Amino acid sequence: MERSAQRLGRALVVIVDDRAAHGEHDDTSGPLVTELLEEAGFIVDGVVVVHADTVAIRNALNTAVIGGVDLVITVGGTGVSPRDVTPDATAGVLDRPIPGIGEALRSSGLAAGAVDAGISRGLVGVSGSTLVVNLAGSRAAVRDGMATLSSLVPHVIDELSGVGES
């Protein structure tokens, strides 16, 4: 996210994965997103792993917003199976959706061969002064999604902080 010499703000990563939440396997997406965010100039407050449960996801998002982070990236739970409820939980938290970014993530993900990104129902929007982004769960979708976000997120954060106002 291009301005790595300058800190972009604070971020939190929310992993939606039943098996990781139950301790059945280690989360590998959280460290990847953390690394990419730090390379982009974010201070990552942490990684939270939650069950694919609407209330658990909404609670994690609300805690991040109340905690004042600038960016929340969720990973997983964006598909079409009955357990994929991340967009549904996110919709209840957003004040203003930003559908163009969600469409860009789907389009670039599909072009990169990340089928889960292409069929993702993931949302992007603003809650308070926090940008919330849902990414599909595969490593390919995460890598492509973070690359797609690189030019967009700094602009949105500037707008939300009032830096872009004249």
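Sequence positions, counted from 1, serve as the residue numbers for this chain. It should be emphasised that the depicted structure is a prediction, and the values quoted were computed from it without experimental measurement.
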Pairwise salt bridge (charged side-chain N to carboxylate O under 4.0 Å, His left out) hits with a residue in residues 103-115, at least two apart
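The answer is E103-R106.
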Would a distance-only check, ignoring hydrogens and angles, find a side-chain to backbone donor-acceptor pair under 3.5 Å from R83 to A52?
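Yes; at least one donor-acceptor contact below 3.5 Å.
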Are any side-chain N or O atoms of S107 and backbone N or O atoms of A104, one a donor and one an acceptor, separated by less than 3.5 Å?
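Side chain of S107 to backbone of A104, a donor-acceptor pair under 3.5 Å: no, none is there.
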Would a 4.5 Å heavy-atom cut-off, applied to side chains only, mark [X] and [Y] as touching?
{"X": "L160", "Y": "V126", "answer": "yes"}
{"X": "L32", "Y": "T28", "answer": "no"}
{"X": "V72", "Y": "L61", "answer": "yes"}
{"X": "L131", "Y": "V124", "answer": "yes"}

Honestly curious: do [X] and [Y] fall in one hydrophobic cluster under the side-chain, below-4.5 Å linking rule?
{"X": "L71", "Y": "V156", "result": "yes"}
{"X": "L37", "Y": "L149", "result": "yes"}
{"X": "V133", "Y": "V49", "result": "yes"}
{"X": "V142", "Y": "V47", "result": "yes"}
{"X": "M146", "Y": "L123", "result": "no"}

For the residue pair N134 and T90, confirm or rule out a side-chain donor-acceptor distance under 3.5 Å.
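Yes - a donor-acceptor pair under 3.5 Å links their side chains.
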Looking at every heavy atom in both [X] and [Y], which two are closest together, and how far apart are they?
{"X": "A20", "Y": "D17", "result": "N-OD1, 3.0 Å"}
{"X": "A11", "Y": "F42", "result": "CB-CD2, 3.9 Å"}
{"X": "T78", "Y": "S120", "result": "OG1-OG, 3.0 Å"}
{"X": "I15", "Y": "S29", "result": "CD1-CB, 4.0 Å"}
{"X": "A141", "Y": "A136", "result": "CB-CB, 3.7 Å"}
{"X": "G30", "Y": "D27", "result": "N-OD2, 2.9 Å"}

Taking salt bridge (charged side-chain N to carboxylate O under 4.0 Å, His left out) as the criterion, tell me which of D88, D84, D116 meets it with R121.
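Result: among D88, D84, D116, D88 is the only option passing the salt bridge (charged side-chain N to carboxylate O under 4.0 Å, His left out) with R121.
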Just do the side chain to side chain contact (heavy atoms under 4.5 Å, CB included) check on L135 and T74 with the steps written out, would you?
CA-CA 6 Å; L135 294 178; T74 71; 6.0 Å; no
Can you measure from CD (E35) to CD (E39) and round to the nearest 0.5 angstrom?
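Nearest 0.5 Å value for the CD-CD distance: 5.0 Å.
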To the nearest 0.5 angstrom, please state how far the OG1 atom of T148 sits from the CG atom of D144.
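Those atoms lie 4.0 Å apart.
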For a quick test of your reading: what N or O donor-acceptor pairs under 3.5 Å do the side chains of residues 92-100 make, sequence neighbours left out?
from, atom 1, to, atom 2, distance (Å)
D95, OD2, G128, N, 2.6

Side chain to side chain contact (heavy atoms under 4.5 Å, CB included) partner of T34, chosen from L12, I73, D45, V44:
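The side chain to side chain contact (heavy atoms under 4.5 Å, CB included) with T34 is passed solely by V44 among L12, I73, D45, V44.
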Worked verdict on V85 versus D53 for side chain to side chain contact (heavy atoms under 4.5 Å, CB included)
CA-CA 7 Å; V85 297; D53 172 77; 5.7 Å; no
